[in-house]
Number of protein chains: 2
Amino acid sequence: MYGEIITIGNELTSGRTRDLNAWYAAGRLTESGLKVIRITSVGDDRAKVSEALAAALAASRFVIITGGLGSTDDDLTCQIAAKAFARPLCLDERMFNAIKAYVELRGKSMTPSLEKMAWMPEGSRIINPRAGVCGFSMTEKGVHLYFLPGVPEQMRYLMEKFVLPEIVSRYNELPLLRQKTIKVFGINEPAIAEMVKKLRGKTGEALLGFYPQFPENHIAITLRGNDESLLLSELKRIEKAIEDLLGPCAFARDSEMMEDVTGRILAEKSLTISVAESCTGGLIGHRITSVPGSSAYFLGGVIAYSNKVKTLLLGVSEETLATFGAVSGQTAAQMAKGARELMQSDIGLAVTGIAGPEGGTDEKPVGTVHIGLSARDNTYCGMYRFSGGREQIRTSTATMALDWIRRYLNGYPFLPGL
Amino acid sequence: MYGEIITIGNELTSGRTRDLNAWYAAGRLTESGLKVIRITSVGDDRAKVSEALAAALAASRFVIITGGLGSTDDDLTCQIAAKAFARPLCLDERMFNAIKAYVELRGKSMTPSLEKMAWMPEGSRIINPRAGVCGFSMTEKGVHLYFLPGVPEQMRYLMEKFVLPEIVSRYNELPLLRQKTIKVFGINEPAIAEMVKKLRGKTGEALLGFYPQFPENHIAITLRGNDESLLLSELKRIEKAIEDLLGPCAFARDSEMMEDVTGRILAEKSLTISVAESCTGGLIGHRITSVPGSSAYFLGGVIAYSNKVKTLLLGVSEETLATFGAVSGQTAAQMAKGARELMQSDIGLAVTGIAGPEGGTDEKPVGTVHIGLSARDNTYCGMYRFSGGREQIRTSTATMALDWIRRYLNGYPFLPGL
């Protein structure tokens with residue numbers, strides 16, 4: 001059940017094109033319970049393609065090869081495969097007739113380059129023998145090779161319709177594969193690794209993977225087996241064990257984002273929110289409104305970049321600004337309260353900080369950020385010091401601010417600041 | 001000057017993550033005049049990583065390896081490289097101290113997993129020996145190997161700052177290479193290609209590359225030669241020829257972004273701006289403030305997501321909303337004027353539109369966006385219809401709005417809408 005993917009094309013090795021075919025095939029094969037052990041991209045180069053095919057024959061049970069099947073001079077895959085496996089190229093009549101019918105229907109006539117597409121290595125089986133979208137497969141030394149076009153839409157069509165079903169049925173003794181991703185904010189990767197070590201012996205056959213995605217960390221749990229319901233209950237057990245360790249820092253599962261989670265809770269509780277942003281300049285609003293339907297709970301915001309806007313719109317007092325400065329807990333609190341009252345929302349959320357690269361002082365270095373949250377009953381504020389460049393500080397600030405909403409609504413304590 | 005790229009991580013072979021590192025490294029190496037012969041992705045698997053390293057040693061002069069350098073248990077690259085090349089792992093004191101200082105500054109202490117990151121194969125040279133972002137390189141059988149982190153931002157930083165310059169200087173029998181990127185907004189790729197065809201015969205030895213970067217298109221001019229001053233004057237000549245063809249649609253060069261350009265002009269003219277955003281939810285403010293020093297010209301904004309905020313803060317009249325709707329030129333114009341007056345800026349910029357996926361009608365389908373710009377002398381508005389999903393529509397809207405500022409300040413006509 002081990003397989004690999006070979007993608008062919010100068011556009012891949014020169015970085016002109018992103019290799020969507022390899023990514024797609026790897027994802028679909030993995031989801032189908034198969035294991036991809038290697039992805040190799042080579043240019044339109046006889047020696048390198050042959051080498052990749054030879055390496056694949058030695059290591060894999062099946063190989064998906066994409067690219068180089070067209071009619072132009074640099075489309076060499078058929079010839080290379082024929083040579084590598086010492087099979088003569090034979091004219092496939094069914095394919096020849098299909099191409100001929102296709103071009104004649106369009107008032108064109110057969111050319112040598114089109115005819116070339118009907119010459120296949122001996123013993124090949126054509127996949128979808130129609131002009132336009134087709135590939136071919138062969139078995140060599142017990143390894144199943146699938147040659148598909150490089151055009152992503154065509155490749156995907158043939159994968160879904162012919163190749164995946166064939167591979168899956170061929171390996172139907174295969175175990176099932178189930179995955180779950182837990183997203184974490186507020187604990188760094190080494191600390192998570194230390195924590196999860198404690199689970200050793202309790203995670204059974206599960207594979208745990210760590211994927212930092214600044215400023216979050218993602219933990220992927222992967223399980224393989226034969227029994228679907230057993231897999232799912234085992235997955236649930238491990239998920240719970242990890243979440244118990246991480247506590248409220250585990251904020252979402254799978255594809256859910258922080259803004260989805262906060263939005264969901266706001267919608268469930270029928271509460272509305274407004275924001276007042278200084279250093280993030282609109283990023284929090286942008287993230288909240290990236291969720292379709294966010295107008296149900298998000299009323300709007302004030303980007304209070306200048307002090308004038310802080311006083312004029314949000315009612316931050318001149319005295320507060322003069323005494324404590326624009327980057328202070330007092331200002332954050334007044335901004336949050338100001339936003340809430342101005343836009344008549346249930347909750348007001350505010351951030352003010354120094355994103356750099358300039359503007360830091362000894363007392364308030366770059367990365368100093370204050371967050372304020374004002375609800376009808378109370379106003380909260382906290383200070384953090386984020387590291388990284390300007391955009392990283394702004395991203396950390398936005399995620400932390402969204403996390404404040406989540407924690408406030410769930411009754412969790414805010415992450416400790418300074 | 002032949003090299004290859006090896007990317008390591010289960011997230012790549014399982015298709016969970018697109019391999020942006022391989023794509024990026026391949027593109028940058030090619031642009032720098034080097035040839036990438038193969039890209040191999042393998043999982044966090046000792047045997048497969050060793051095999052890939054051995055194959056690379058046999059075929060390439062340099063190898064870029066990314067991934068597996070973190071502190072968790074599945075980060076095995078150092079150990080695999082040590083074993084593959086029979087080099088013991090040694091504690092690098094400089095690295096150890098850098099990590100120690102980094103964590104202590106944050107009030108944490110050293111852990112075994114962090115210490116692991118300071119153990120490198122004997123004879124390695126550390127690239128950027130700071131905690132946070134570093135890699136290492138070594139020379140084995142005359143092949144230069146560069147081990148970089150898998151986090152794209154970190155990988156790109158180290159590539160640009162250390163690895164590319166080193167590789168390029170190592171192969172200094174290479175001719176000089178000079179590049180210029182022209183960024184274009186408002187003309188699509190096929191139309192640019194047609195335009196540039198007209199230049200045939202006038203671009204000498206230059207290579208022209210096209211890189212769509214939604215919603216912009218980038219044209220890269222690459223020149224190679226021996227004489228620096230000749231190269232630069234030739235580059236300038238071709239740059240000018242292309243810009244003459246593209247007119248005001250060519251908005252920036254090299255790493256400059258639309259927000260840098262608009263910011264620069266605002267600063268030069270000592271003008272201030274404020275924004276009123278509906279469908280973009282804060283994205284325009286976020287982009288304007290991504291430029292360090294933007295507080296010199298950006299006063300703030302109103303995220304007017306709900307109609308209540310549009311009337312309450314920006315003074316959009318109830319009648320306008322009832323007669324023309326929130327997504328209308330009239331509303332955009334009133335929002336722009338409202339923002340300008342409220343925040344006392346020279347210019348007010350507003351957007352209102354339907355980003356989808358819901359909310360479209362026959363008359364105003366998803367993607368309908370109105371932009372308004374209010375200056376002391378006049379107020380302008382225009383309607384566009386953008387395609388794509390929610391985030392693409394929001395991105396197009398923000399770029400178009402920023403382009404309006406640039407065109408207004410430069411006296412260019414706005415891009416034609418509907």
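A note on names: the letters A, B, ... follow the listed sequences, proteins ahead of strands, and every chain is numbered from 1.
The greatest number of non-hydrogen atom pairs below 4.5 Å with chain B, out of A:Ala220, A:Ala193, A:Ser41, A:Gly27, is found for A:Ser41. Interface check for chain A: of the options B:Gly43, B:Ala22, B:Ser290, B:Gly150, the most heavy-atom pairs under 4.5 Å are formed by B:Ser290. When each of A:Thr181, A:Leu20, A:Thr30, A:Asn188 is scored by its heavy-atom pairs under 4.5 Å with chain B, the top score falls to A:Thr30. Chain A forms the most heavy-atom pairs under 4.5 Å with one residue out of B:Gln344, B:Lys108, B:Glu277, B:Glu358, and that residue is B:Gln344. Highest contact tally toward chain B, considering only A:Val42, A:Ile5, A:Thr222, is held by A:Val42 [criterion: heavy-atom pairs under 4.5 Å]. Taking chain B as the reference chain and counting heavy-atom pairs below 4.5 Å, the highest number among A:Leu208, A:Val275, A:Ile288, A:Val291 is found for A:Val291. Chain B forms the most heavy-atom pairs under 4.5 Å with one residue out of A:Ile284, A:Thr17, A:Thr7, and that residue is A:Thr17. Between chain A and the residues B:Pro292, B:Gly285, B:Ser113, the most heavy-atom pairs under 4.5 angstrom are made by B:Pro292. For chain A, the option among B:Ser295, B:Pro112, B:Ser274, B:Ala59 with the highest count of heavy-atom pairs below 4.5 Å is B:Ser295. For the options B:Leu283, B:Thr40, B:Asp19, B:Val36, heavy-atom pairs under 4.5 Å to chain A are most numerous at B:Leu283. With respect to chain A, the highest number of heavy-atom pairs below 4.5 Å among B:Lys308, B:Glu4, B:Arg28, B:Arg16 belongs to B:Arg16. Of the listed residues (A:Thr272, A:Asn307, A:Ile192, A:Leu342), the one with the most heavy-atom contacts under 4.5 Å to chain B is A:Leu342.
There is no side-chain donor-acceptor pair under 3.5 Å between B:Thr397 and B:Thr280.
Contact of A:Ile37 with chain B is made through backbone and side chain together, with heavy-atom distances under 4.5 Å. With a threshold of 4.5 angstrom between heavy atoms, B:Ile6 does not approach chain A through any atom at all. When heavy atoms are compared at a cutoff of 4.5 Å, B:Val309 approaches chain A solely by way of its side chain, counted from C-beta outward. Both the backbone and the side chain of B:Arg18 come within contact range of chain A, each with at least one heavy atom under 4.5 Å from a heavy atom of that chain. For A:Leu313, the part sitting under 4.5 Å from any heavy atom of chain B is the side chain, from C-beta outward, and nothing else. When heavy atoms are compared at a cutoff of 4.5 Å, B:Ser14 approaches chain A by way of both its backbone and its side chain. Both the backbone and the side chain of A:Ser294 come within contact range of chain B, with heavy atoms under 4.5 Å apart. At a 4.5 Å heavy-atom cutoff, the contact between A:Lys197 and chain B is made by side-chain atoms alone.
The closest side-chain heavy-atom distance from B:Tyr102 to A:Ser387 is below 4.5 Å. The shortest distance between side-chain heavy atoms of A:Leu29 and A:Leu164 falls below 4.5 Å. In this structure, B:Leu312 and A:Met343 have side chains that are not in contact, with every pair of non-hydrogen atoms separated by 4.5 Å or more. Contact of the A:Thr352 side chain with the A:Cys279 side chain is not registered, since no non-hydrogen atoms from C-beta on lie closer than 4.5 Å. Annotation: side chain of A:Gln392 is not in contact with side chain of A:Phe386 (no heavy-atom distance under 4.5 Å).
Taking each heavy atom of A:Ile39 and B:Leu12 in turn, the nearest pair found is CD1-O, 3.7 Å. A:Ser255 approaches A:Asp260 most closely through the heavy-atom pair O-OD2, 4.3 Å. Heavy-atom minimum distance, A:Phe214 versus A:Thr395: CE2-CB, 4.3 Å.
Listed by first then second residue, pairs satisfying salt bridge (Lys or Arg N to Asp or Glu O under 4.0 Å) with a partner in residues 41-56 of chain B read A:Arg38-B:Glu51, B:Lys48-B:Glu51, not counting sequence neighbours. Under the ring-ring contact (aromatic ring centres under 6.0 Å, His included) criterion, the residue pairs touching residues 280-309 of chain A are A:Phe298-B:Tyr305, A:Tyr305-B:Phe298, with sequence neighbours excluded.
Of the possible donor and acceptor atoms, one in the side chain of A:Arg390 sits under 3.5 Å from a partner among the backbone N and O of B:Thr289.
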